[in-house]
2 protein chains.
Amino acid sequence: MDRIDRKLLNLMQRDASRTNVDMADEVGLSPSSCLRRIRRLRKEGIIDRVVAILNPARSGRVIKALVTVELKLHGEQHMRRFLDLAVAEEAVSQAYAVTGETDVVLVLRLRDMEEYDALCDRLFRDQTNIARFFTMMVIRTAKDETAIAL
Amino acid sequence: MDRIDRKLLNLMQRDASRTNVDMADEVGLSPSSCLRRIRRLRKEGIIDRVVAILNPARSGRVIKALVTVELKLHGEQHMRRFLDLAVAEEAVSQAYAVTGETDVVLVLRLRDMEEYDALCDRLFRDQTNIARFFTMMVIRTAKDETAIAL
DNA sequence: AATCCGTATGCAATAAAATTGCACCGAACT
DNA sequence: AGTTCGGTGCAATTTTATTGCATACGGATT
């Protein structure tokens, strides 16, 4: 993991659709050598995967919301049951069990408020193990990184 | 935007490193036709970009934390000042201005607790406009999707 | 129903890229 | 100095992407 590797990873975190030839040129290696590095990074699992990122605005899921959830019963099985429920929802894009102020934090991507209301019914109101939940609607997204700083 | 487009988008959200030939075969199109669709999806901005996702465990940033921040002064310029500060931090992977319980929510990716402590100094303790902040350490990640359900 | 138009398709030819074998280089170690 | 190992560039080969072209499909219009 040297300077060139880091350079490649930074390139590919920004745009992985470039050709190997192109990137090789930018980092100052021959295409073959560059390709072998990229393959190594993938084989070693440093590059987990390469994916297409869709434009959220074009997908219809334009409303983002954060929800903190407090459970009544905190046992492992209760936590697992709720997380399973949440994870199964398409509108739930992130779900974390956390320490501190609350038990679970969800990140939602919603099409509209109807979807939010219906989701709340399924995840919170119809459940017996929910003590409280607080919703924070996202007003402004200042940063939303898939890239990891090296 | 038909069934085949959606199929392609789902494929590429999971793995965009496959060859066009391969994906064309899976969706039942000729390579040329499939390629033209993918180019159209990119040109229209439905596919925003293609990126490499690194393994967080291999990057050293293994601790995830959520922080809610309450500001003392809520004016636009105060909000902006704090967000600018937060966004500049490498450990801050997401930053949202929100309604409700609090003003700002941050998602942190940390190497260790020292980094957390130092970050708190810079973002919270040294600042005059922070009323309170609550940290929730992530115990379990049940879902963390870059993909958007269509 | 016939026509027209815009768009999508498959095929085949071509261009470009990825992949591999091979010889070589340089650092680390004996 | 000799040896080993990992990485490199070059060139040949294979695979893929790209494009031109003829055709097929669907919708709107006459």
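Order of the sequence lines sets the chain letters (A, B, ...), proteins ahead of strands, with each chain counted from 1. Just the heavy atoms: all of them, side chains too, but no hydrogens, waters or symmetry mates, feed the values below.
Judged by distance alone, with hydrogens and angles left aside, the side-chain atoms of A/Asn129 form a donor-acceptor pair with the main-chain N or O of A/Leu73 at under 3.5 Å. Although no hydrogens or angles enter the test, the distance criterion places no donor-acceptor pair under 3.5 Å between the side chain of B/Glu145 and the main chain of A/Gln94. No donor-acceptor pair closer than 3.5 Å links the side chain of B/Asn55 to the backbone N or O of A/Asp48. With hydrogens and angles disregarded, a donor-acceptor distance shorter than 3.5 Å links the side chain of B/Arg61 to the backbone of B/Arg109. A donor-acceptor pair is defined here as one N or O able to donate and one able to accept, closer than 3.5 Å; no such pair exists between the side chain of B/Arg37 and the backbone of B/Leu8.
Near DNA chain D, meaning a heavy atom under 4.0 Å from it, residues 33-44 of chain B has B/Leu35, B/Arg36, B/Arg39 in order of number.
Within the 4.0 angstrom heavy-atom criterion, only backbone atoms of the sugar-phosphate kind lie near A/Thr19; the bases stay farther away. When heavy atoms are screened at a 4.0 angstrom cut-off, B/Ser32 is found touching base atoms of the nucleic acid.
Sorted by first and then second residue, the ring pair (Phe, Tyr, Trp, His ring centres under 6.0 Å) pairs involving residues 46-93 of chain A (not counting sequence neighbours) form an empty list.
More than 12 heavy atoms of other residues, nucleotides or ligands sit less than 6.0 Å from atom CZ of B/Arg125.
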**Request:** Walk me through it: do B/Ser17 and A/Arg42 pass the test side chain to side chain donor-acceptor pair (under 3.5 Å)?
**Result:** CA-CA 11 Å; B/Ser17 67; A/Arg42 300 200 61 167; 3.2 Å; yes
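Here chain B contacts DNA chain D (any atom closer than 4.0 Å to a heavy atom, that is under 4.0 Å), and the contacts span D/dT16 to D/dG20 from 5' to 3'.
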